[in-house]
Amino acid sequence: MIAFGPVPSRRLGLSLGINNIASRKVCSYSCIYCQIGLTKEQSITRATFYKPSVLIEEVSNHLKKLKPGYQPDYLTFVTNGEPTLDINLGEEIRLLKQFGMPIAVITNSSQMFDNQVRTELMEADWVSVKVDSTDEATWRQINQPVKELNLNDILQGIEAFAKTYKGKLHTETMMVAGVNDEPAQISQTATFIASLHPQMAYISIPIRPPAVKSVKAPAEEKLVTAWQTYSNFGIQTEMLAGFEGTETGFTGNAYDDILNISAVHPLREDTLASLLTHDNAGMNVVHSLVRQGLIKEVPFNGKNFYIRKLHRAK
Ligand code: SF4
């Protein structure tokens, strides 16, 4: 199936997915956390997977079937592989504009060394680039790239793209326990991401069965460190920890507000106190959530943070 959804996405609202590599998984990486298993067909050669006319017709037919109120906010290239390996991506983005909806591409960044790919992505309204690590050995360990790829070329390509891209640039970093969650590693990655000036940096964790069984999500303490480090670099940062609860601000329901917000941002004690005041509630709500194992108190740099308890990959 080329077109699917739309599905609710915290990053994109209602997102109609476009799987332009639908027939089989083809990817330049074989990430240890990949939820669709290790990559059997690893490649950096761009190829035709569908004729652009077929892809456009599928999207058009899918859109016609949607009920009123379900019109997507974004048409999003999100594949069971790497969307930029599709040699027709640029033409498809151009043709999709006829539907009058913004276009998003979620890429693993591996082709960003290629000026042609960068030029094609310039046409998208929203692009997310994967930056799991800027350290060669860690990158090889977590993303298991094809051997022809060179990390420096990729990072330089991302930088070049970020400098001229006029759309909304986001980054995504998957954190894996014992692989890229040490403070020095986090700081190195954050330094690079800060230089890109993304609209938002997302930190994600493995929440579905990973390709390599031993892969685990980092402890909440490491995530608080990462979030705080990114924030110290002036990066707008959110966590994608598997909860699609929206950041609701103050709804008058402290219980829901704390659960929703702490899934996205660790709540520092002073921020939490302000939220409770707005919601006309007291610390008993917080204690109850901690007792139920729904949130966790994590001390960091002399302050307490409250973070949603995470589902760990088994
Ligand atoms: S880049 Fe995406 S599709 Fe490719 S192996 Fe990694 S997680 Fe899986």
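Everything numeric in this text was worked out from a predicted model, so none of it was measured. First listed ligand is number 1; within each ligand, the first listed atom is number 1.
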Report task. Determine the sole option in E172, H170, E238 for which the side chain to side chain donor-acceptor pair (under 3.5 Å) test with R11 is passed. Result -> E172

Report task. Report yes or no: do N19 and N80 form a side-chain donor-acceptor pair below 3.5 Å? Result -> yes

Query raised in the report: Would K163 and E159 pass as an ion pair if we require N to O under 4.0 Å?
Result: no

Query raised in the report: Does the side chain of S109 come under 3.5 Å of the side chain of K130 through a donor N or O and an acceptor N or O?
Result: no

Report task. Determine if the distance from atom 2 (Fe) of ligand 1 to the closest protein heavy atom is below 4.0 Å. Result -> no

Report task. Take atom 8 (Fe) of ligand 1 as the centre and count protein N, O or S atoms at distances under 2.8 Å. Result -> 1

Query raised in the report: Taking atom types as modelled, is there a side-chain donor on S28 or S110 under 3.5 Å from an acceptor on the other?
Result: yes

Requested in this report: Return yes if a side-chain donor-acceptor contact under 3.5 Å exists between S288 and Q292, otherwise no.
Outcome: yes

